[in-house]
Amino acid sequence: MTEVYVSREKKNLGHPQCAGLIRKAVEKTLEAEGITDHCIVSVLLTDDEGIRKANREFRQIDRATDVLSFPLNELTPGEFRAEDCERELSTGAVLLGDMMLNLHRCEEQGEEYGHGFNHEIQYLAVHSMLHLLGYDHERSEAEEKEMFGKQEIVLEAMGLER
């Protein structure tokens with residue numbers, strides 16, 4: 001069982017269907033990784049202004065991006081161990097972390113890549129989930145190849161291509 005809490009930083013950001021799309025992407029990523037534990041993920045939908053502020057505050061990078069991931073655990077990619085993770089006190093559910101998705105960038109990139117908003121929001125949710133599960137693409141070429149390979153496996157399982 002997976003709980004995905006989706007909230008909006010501001011009213012009127014549009015795209016009411018995106019919560020269901022994000023949930024599907026989260027579930028498919030966990031399934032692809034063989035994770036069946038009760039997990040919780042929080043998602044904040046935002047815009048360029050909101051994500052730029054967070055990027056500046058948490059990463060000291062003063063620019064907007066499409067997605068930010070905030071893992072609660074230091075996990076080894078492909079070696080998920082629920083017993084090593086933070087837990088929700090009352091239920092014992094694994095707290096994986098938080099993601100911020102920039103809806104304006106989803107619109108722009110979906111149009112730019114020719115696959116639309118729905119595809120892009122799921123792509124970014126899968127990408128962020130892999131970060132929450134310990135994958136990284138900024139430390140080395142080998143890790144980048146591993147993460148993007150996993151990403152393609154999940155997207156293919158969802159019937160999506162990048």
Side-chain angles (χ1 to χ4, degrees), residues 1-6 18-46 51-52 54-61 63-88 93-103 105-162:
M1 179 177 150
T2 304
E3 295 176 62
V4 182
Y5 296 101
V6 180
C18 65
L21 296 169
I22 293 165
R23 281 186 183 91
K24 180 180 177 185
V26 168
E27 290 168 358
K28 285 292 187 181
T29 305
L30 292 172
E31 181 182 308
E33 288 291 292
I35 299 169
T36 58
D37 299 271
H38 180 186
C39 295
I40 297 175
V41 176
S42 295
V43 181
L44 180 64
L45 304 175
T46 190
I51 211 160
R52 180 179 182 173
N55 206 16
R56 184 174 51 241
E57 181 178 339
F58 296 107
R59 298 179 66 223
Q60 291 71 54
I61 298 174
R63 66 176 170 82
T65 187
D66 50 8
V67 61
L68 288 174
S69 307
F70 302 96
L72 285 177
N73 308 285
E74 290 189 32
L75 300 174
T76 301
E79 298 178 19
F80 180 79
R81 294 173 33 96
E83 58 272 14
D84 295 338
C85 295
E86 293 290 326
R87 302 286 188 138
E88 201 275 329
V94 175
L95 298 170
L96 292 177
D98 306 319
M99 63 176 81
M100 289 181 77
L101 298 171
N102 181 344
L103 296 182
R105 288 290 172 99
C106 285
E107 292 168 354
E108 292 170 355
Q109 291 172 183
E111 187 175 316
E112 177 184 340
Y113 297 128
H115 55 228
F117 176 87
N118 290 358
H119 182 124
E120 188 66 14
I121 194 88
Q122 289 183 298
Y123 166 80
L124 293 174
V126 168
H127 183 88
S128 186
M129 275 301 298
L130 289 172
H131 279 304
L132 297 184
L133 294 172
Y135 291 90
D136 200 330
H137 55 86
E138 295 181 355
R139 293 185 295 229
S140 73
E141 283 186 37
E143 286 180 330
E144 178 180 342
K145 185 176 179 179
E146 179 184 29
M147 181 175 174
F148 289 163
K150 287 286 185 174
Q151 197 167 270
E152 291 306 315
I153 290 168
V154 177
L155 293 172
E156 187 176 297
M158 296 173 67
L160 304 173
E161 295 177 13
R162 181 71 168 154

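- Thr46 OG1 to Met100 CE: the interatomic distance, rounded to the nearest 0.5 Å, is 4.5 Å.
- Interatomic distance, CD of Glu31 versus OG1 of Thr29, reported as 9.5 Å (0.5 Å rounding).
- Asn102 CG to Glu108 CD: the interatomic distance, rounded to the nearest 0.5 Å, is 7.5 Å.
- Residue Glu57 comes nearest to Gln60 through the heavy atom pair O-NE2, 3.1 Å, listed as atom of the first residue, atom of the second, then distance.
- Across Lys145, His127, Glu146, Glu143, a single residue satisfies side-chain hydrogen bond (donor to acceptor under 3.5 Å, both in side chains) together with His137, and that is His127.
- In this structure the side chain of Leu68 reaches within 4.5 angstrom of the side chain of Arg59, judged on heavy atoms.
- For the pair Phe117/Glu120, no side-chain contact is recorded, criterion being any heavy-atom separation below 4.5 Å from C-beta on.
- The closest side-chain heavy-atom distance from Leu75 to Leu132 is not below 4.5 Å.
- Annotation: Glu112, atom CD; neighbour count of heavy atoms from other residues, nucleotides and ligands within 6.0 Å is above 12.
- The side-chain heavy atoms of Glu3 and His38, taken from C-beta on, include a pair separated by under 4.5 Å.
- Between the CD1 atom of Ile51 and the CZ atom of Arg105 there is a distance of 8.5 Å, given to the nearest 0.5 Å.
- Counting heavy-atom neighbours within 6.0 Å of Glu88 CD, excluding the residue itself, gives a total above 12.
- Ring geometry for His115 versus His119: interplanar angle under 30°, hence parallel rather than tilted (30 to 60°).
- Tested against Lys150 for a salt bridge (Lys or Arg N to Asp or Glu O under 4.0 Å), the candidates Glu156, Glu33, Glu144 yield a single pass: Glu33.
- For the pair Lys28 and Val126, the minimum side-chain heavy-atom distance is 4.5 Å or more.
- Contact detail for Ala125 and Ala25: the closest heavy-atom pair is CB-CB, 3.7 Å.
- Atom CD of Glu74 has 12 or fewer heavy atoms from other residues, nucleotides or ligands within 6.0 Å.
- Side-chain atoms of Arg56 and Arg52, non-hydrogen and from C-beta on, do get closer than 4.5 Å to each other.
- In this structure the side chain of Arg87 reaches within 4.5 angstrom of the side chain of Val94, judged on heavy atoms.
- Taking OG from Ser69 and CG from Leu96, the interatomic distance works out to 11.5 Å, rounded to the nearest 0.5 Å.
- When atom types are taken as modelled, the side chain of Tyr135 and the backbone of Met129 share no donor-acceptor pair closer than 3.5 angstrom.
- Within 6.0 Å of CD in Glu111 there are 12 or fewer heavy atoms belonging to other residues, nucleotides or ligands.
- The two residues Asn55 and Arg63 have their closest heavy-atom pair at ND2-O, 3.0 Å.
- Rounded to the nearest 0.5 Å, atoms CG (Leu101) and OG1 (Thr65) are 10.5 Å apart.
- Taking the six-membered ring where tryptophan is involved, the planes of Phe58 and Phe70 are perpendicular, since the angle between them exceeds 60° and thus also 30°.
- Between Asn73 and Phe80 the shortest side-chain heavy-atom distance does not fall below 4.5 Å.
- Of all heavy-atom pairs between Met147 and Leu130, the closest is O-CD1, 3.8 Å.
- Under the 4.0 Å criterion applied to side-chain N and carboxylate O atoms, Glu27 and Lys24 are not assigned as salt-bridge partners.
- Between the side chain of Ser128 and the backbone N or O of Leu124 there is no donor-acceptor pair closer than 3.5 Å.
- When each of Glu152, Gln151, Met158 is checked for a side chain to side chain contact (heavy atoms under 4.5 Å, CB included) with Val154, only Met158 meets the rule.
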